[in-house]
Amino acid sequence: MRTHYCGELRPTHGNQEVTLCGWVDRCRDHGGVIFIDLRDRTGTVQVTVDPEGSPQVFAQAEQLRNETVLRINGHLRLRPEDSINPKLATGAVEVLATGLTVLNSIKGTLPFGVSVHDEEPVREELRLRHRYLDLRRQRMQRNVALRHLVMQTARRFLDGQGFLEVETPMLTRSTPEGARDYLVPSRVCGGEWFALPQSPQLFKQLLMVGGLERYYQLARCFRDEDLRADRQPEFTQLDLEMSFLSQEQILTINELLVAHIWQNVLGVKLPLPFPRLSWREAMDRYGTDRPDTRYGLELTDVSDLVADLKFKVFSQAVARGGVVKCLALPQGNEQLSNVRIKPGGDVFAEATGAGAGGLAYIRVRDGGVLDTIGAIKDSLSPERAQALLQRCGAQPGTLLLFGAGDGAMVNKALDRVRQFLARELQLIPANTWNFLWVVDFPLLAWNRDEQRLEALHHPFCAPHPADIHDLGKARAQAYDLVLNGLEVAGGSLRIHNAALQQQVLEVMGFSPQEARRQFGFLMDALDMGAPPHGGIAYGLDRLVMLLAGEDSIRDTIAFPKTQQARCPLAAAPAPVEPSQLKELHVASTWVQANQEEPNDGAATT
RNA sequence: GGGACCGUAGUUCAACCGGUUAGAGCACCGCCCUGUCACGGCGGAAGUUGCGGGUUCGAAUCCCGUCGGUCCCGCCA
């Protein structure tokens, strides 16, 4: 149907007859001569329709509208010297049309412009409703191609490293822990349900027991939770699992994989190895397990220095088992007014929004003089003040912001303040890729709502051998890959011993019977020669989002869902026939919630 | 489950503190134009201001509800 792609035509193609297919990006009708910018995936090229050629072609060209689908037969020639367009890759050539076939025309008005010149923002719901049009636009073409390149690069690299690509079931078993499942009723097995996988976790472990040694998959995962800009109900993981490798070896392979992707996609050479930071240190220094290390503003624990102060906000926080931590902002005195850090201010609101009671501060003036509220100033001896400034690395001009109270809350609040200030004060350097491994996560964490220990990552992470005597406080052999403050991958070495797995499940509150019922198949497998193994999973959508410089993973997915988990294009989800439900042995309890009872005005107060 | 913001022509936006006939660019339709490339010129059509209710002499504008969208908290190992 075509001999060339539009975007590839160059003067080196010389004088020849070509056939092109594509969409009308834009027309310029001069009455006598008509220029058509013909577009396909590779770009656009100018097609010239001259009245001295075929009158029929000219008559057809006069009727064209944007996005008409065309086949053009023509003669590729150099443009006249003074008509060369240096802004276009194909700007030195044009195709003199000798034949024009309208393969499809446009009915009605297009909901939005598609042309490469038409970069006006369009309401996102409209983009999603007509995603096929949106996909034709430059931005989505670029993102989809970039995603493809990431996937292909990963595949080639992993293939070269001896990984096998294996698919795992989409219809599987609902397991406790983790997110809400998407459920699928079984017609054949009445009353029983499949779940769509939240991840291929158990299957990839079973593949290791199956002796596959190295597995990967671009795996679709499903989680029925509320959405965010970086969360979709179905998303894609680049999922890996390996046998007989140490944690260090696994991290190294992944560093090479990531460096390979960055090299191939962006031409950026990442310095290896990536820095490693223990979870403990990350929490201490940044207040989060995924610190953005593109800028400083580290936190300092000053609990011991303020525990005995008369200033009760500090001393009581420590007395109650909490902490007092400080965020030192160099030149903060100039950069932040009191209005912003006192009640009503935006910085104050960041702290209290995360649960902090307030945001104490000290301004360090010339000569180390402290400028702060009286209650703090009065309770600090000169020696103690000196020690405080020294520990926080404060210089004249520094603004010290304090969080006091429960350790988790203080970390959360100061983490938010830290990120907020970095953005507000533009401390984040552009074009910086700060990768970081956070290692030695806690195995378990206390869930206050459910009054029990639960897995921080998932129940199959192997505890640190040194900590095995006290699983409640054990570190896990788990690791997250953090990029510019976002988690892009997470993994661990797995438990490959059934007894230990049973033990971990018991600490999490599973009775032996319940553990057996839910995870018996895994523990049976572990008992039949499971090799030591471990792996990792990347959030592919998020990775592509970062590489593409987008703010939402929806722009990296061909057909994403809205925040209400709807698909405006296919109008899904949608009601089904009652007969379908009956066949599945399912009845809906859904009732329209907006029908209130008739309001009896006399009864109200 | 909660908070915030948004919804005006096909589309992107405007319309001040509630006040004449709700405007403009692009797209669309018609006419003109032989070297443009975001072509240009002249003219035209296009609106239940998401939907429902309320306040008011008067509502795109204020209030309530509702639907849809976005961001965030909770939630998401």
Side-chain angles (χ1 to χ4, degrees), chain A residues 25-38 44-53 58 62-63 65-67 79-88 90-91 94 96 106-130 133 175-181 198-199 201 221-233 235 350 353-355 412 416 441-445 447 449 453-461 476 478 480 487 490-492 508 537 539 551-552 554 561-564 566 568 592-596:
Chain A
D25 191 73
R26 191 154 287 211
C27 283
R28 289 175 296 282
D29 184 346
H30 288 248
V33 61
I34 299 171
F35 301 105
I36 306 163
D37 290 339
L38 192 68
T44 64
V45 69
Q46 174 163 288
V47 175
T48 305
V49 183
D50 198 297
E52 281 143 38
F58 192 81
E62 284 184 303
Q63 304 300 316
R65 285 174 49 188
N66 293 347
E67 298 310 307
R79 290 197 195 185
E81 193 76 34
D82 56 350
S83 301
I84 290 174
N85 185 348
K87 285 185 281 186
L88 290 181
T90 60
E94 62 184 359
L96 183 64
I106 304 299
K107 194 180 170 192
T109 312
L110 291 171
F112 51 85
V114 173
S115 165
V116 292
H117 304 295
D118 198 348
E119 283 304 304
E120 262 186 344
V122 178
R123 214 166 74 233
E124 191 171 2
E125 201 228 336
L126 202 66
R127 289 175 57 204
L128 295 184
R129 190 182 301 278
H130 304 283
L133 272 188
T175 51
E177 299 285 300
R180 210 173 283 115
D181 284 316
Q198 295 182 23
S199 81
Q201 181 60 38
C221 306
F222 304 85
R223 294 177 192 175
D224 185 6
E225 295 292 345
D226 289 343
L227 306 185
R228 291 285 188 281
D230 62 350
R231 274 195 238 154
Q232 281 276 297
F235 61 100
E350 284 297 318
K412 192 174 169 187
R416 268 179 65 162
F441 278 77
L443 184 69
L444 303 164
N447 183 324
D449 294 338
L453 287 166
E454 65 179 9
L456 205 73
H457 274 82
H458 54 62
F460 319 110
C461 292
D480 274 3
E487 180 194 333
S492 65
M508 291 172 52
D551 293 322
S552 162
R554 290 188 300 275
K561 309 265 190 293
T562 68
Q563 198 167 50
Q564 294 305 308
R566 286 184 175 281
Q592 290 290 335
N594 55 3
Q595 296 300 325
E596 271 188 58

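Each chain gets a letter, A, B and so on, in the order its sequence line appears, and its residues count up from 1. Just the heavy atoms: all of them, side chains too, but no hydrogens, waters or symmetry mates, feed the values below. Since we're looking at a predicted model, the values are computed, not measured.
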*With distance as the sole criterion, do the side chain of A/Gln564 and the base of B/G69 form a donor-acceptor contact below 3.5 Å?*
no
*asked:* Under the rule for salt bridge (Lys or Arg N to Asp or Glu O under 4.0 Å), what residues qualify as partners of A/Glu124, not counting sequence neighbours?
replied: A/Arg554
*Give the nucleotide from the list B/U34, B/U70, B/C72 with an atom nearest to the side chain of A/Thr562.*
B/U70
Name the pairs: protein N/O against N/O of nucleotides 22-24 of chain B, kept only if under 3.5 Å.
none

*From the options B/C71, B/U12, B/G69, select the nucleotide whose nearest atom is closest to the side chain of A/Pro121.*
B/U12
*Given B/U36, B/C71, B/C73, the nucleotide with the shortest approach to the side chain of A/Ser552*: B/C71
*asked:* OP1 or OP2 of B/U36 versus the side-chain N and O atoms of A/Arg28: is any pair under 4.0 Å?
replied: no
_Annotated protein contacts, base or backbone, on nucleotides 26-31 of chain B with a non-hydrogen cut-off under 4.0 Å, one of B, S, - each_ = --SS--
_Counting the atoms with a prime plus P, OP1 and OP2 as sugar-phosphate, which does A/Arg554 contact under 4.0 Å by heavy atoms, base, sugar-phosphate, or nothing?_
sugar-phosphate
*Between A/Lys412 and B/C73, is there a side-chain N or O to OP1/OP2 distance below 4.0 Å?*
no
*Got a sec, which residues hit ring-ring contact (aromatic ring centres under 6.0 Å, His included) with A/Phe35, two or more places apart in sequence or on another chain?*
A/His30
*Is there a donor and acceptor pair, one atom on the side chain of A/Arg416 and one on the base of B/C72, closer than 3.5 Å?*
no
*asked:* Quick check on B/C17: syn or anti? Syn means the glycosidic torsion is within 90 degrees of zero.
replied: syn
*Which whole-number value in Å describes the distance from A/Glu124 CD to B/U11 P?*
16 Å
_Verdict with supporting geometry, A/Arg28 and A/Asp37, salt bridge (Lys or Arg N to Asp or Glu O under 4.0 Å)_ = CA-CA 8 Å; A/Arg28 289 175 296 282; A/Asp37 290 339; 2.9 Å; yes
*What about A/Gln46: does its side chain form a donor-acceptor pair under 3.5 Å with the base of B/U36?*
yes
*Please identify each residue that fulfils side chain to side chain contact (heavy atoms under 4.5 Å, CB included) with A/Cys27, with sequence neighbours left out.*
A/Val24, A/Ile36, A/Leu64
*Using the test side-chain hydrogen bond (donor to acceptor under 3.5 Å, both in side chains), find all partners of A/Arg129 that sit at least two apart in sequence or belong to another chain.*
A/Glu125
Atom pairs, protein N/O to nucleotides 40-45 of chain B N/O, distance under 3.5 Å:
none

*For A/Arg180 and for A/Cys27, find the nucleotide of RNA chain B with the closest heavy atom, then tell me which residue's nucleotide is more 5'.*
A/Cys27
*Between A/Leu126 (CG) and B/U11 (C1'), how many Å, whole number?*
8 Å
Produce the list of close N/O pairs, under 3.5 Å, pairing protein atoms with atoms of nucleotides 4-8 of chain B; give distances to one decimal.
none

*Sequence-distant partners of A/Asn447, side-chain hydrogen bond (donor to acceptor under 3.5 Å, both in side chains), two or more places apart*: A/Glu454
_Once you apply a heavy-atom cut-off of 4.0 Å, does A/Leu128 come out as touching a base, just sugar-phosphate, or nothing?_
nothing
*Applying side chain to side chain contact (heavy atoms under 4.5 Å, CB included), name anything that partners A/Gln564, two or more places apart in sequence or on another chain.*
A/Thr562, A/Arg566
*Set of salt bridge (Lys or Arg N to Asp or Glu O under 4.0 Å) partners for A/Glu225, sequence neighbours left out*: A/Arg180
_Residue matched to B/G68 through Watson-Crick or wobble contacts both under 3.5 angstrom_ = B/C6
*Within the modelled atom types, does a donor on one side and an acceptor on the other bring the side chain of A/Asp226 and the base of B/G74 under 3.5 Å apart?*
yes
*Who are the side chain to side chain contact (heavy atoms under 4.5 Å, CB included) partners of A/Pro459, not counting sequence neighbours?*
A/Glu177, A/Ala455, A/Leu505, A/Met508
*Side-chain donor/acceptor contact of A/Arg223 with base of B/C76 under 3.5 Å*: no
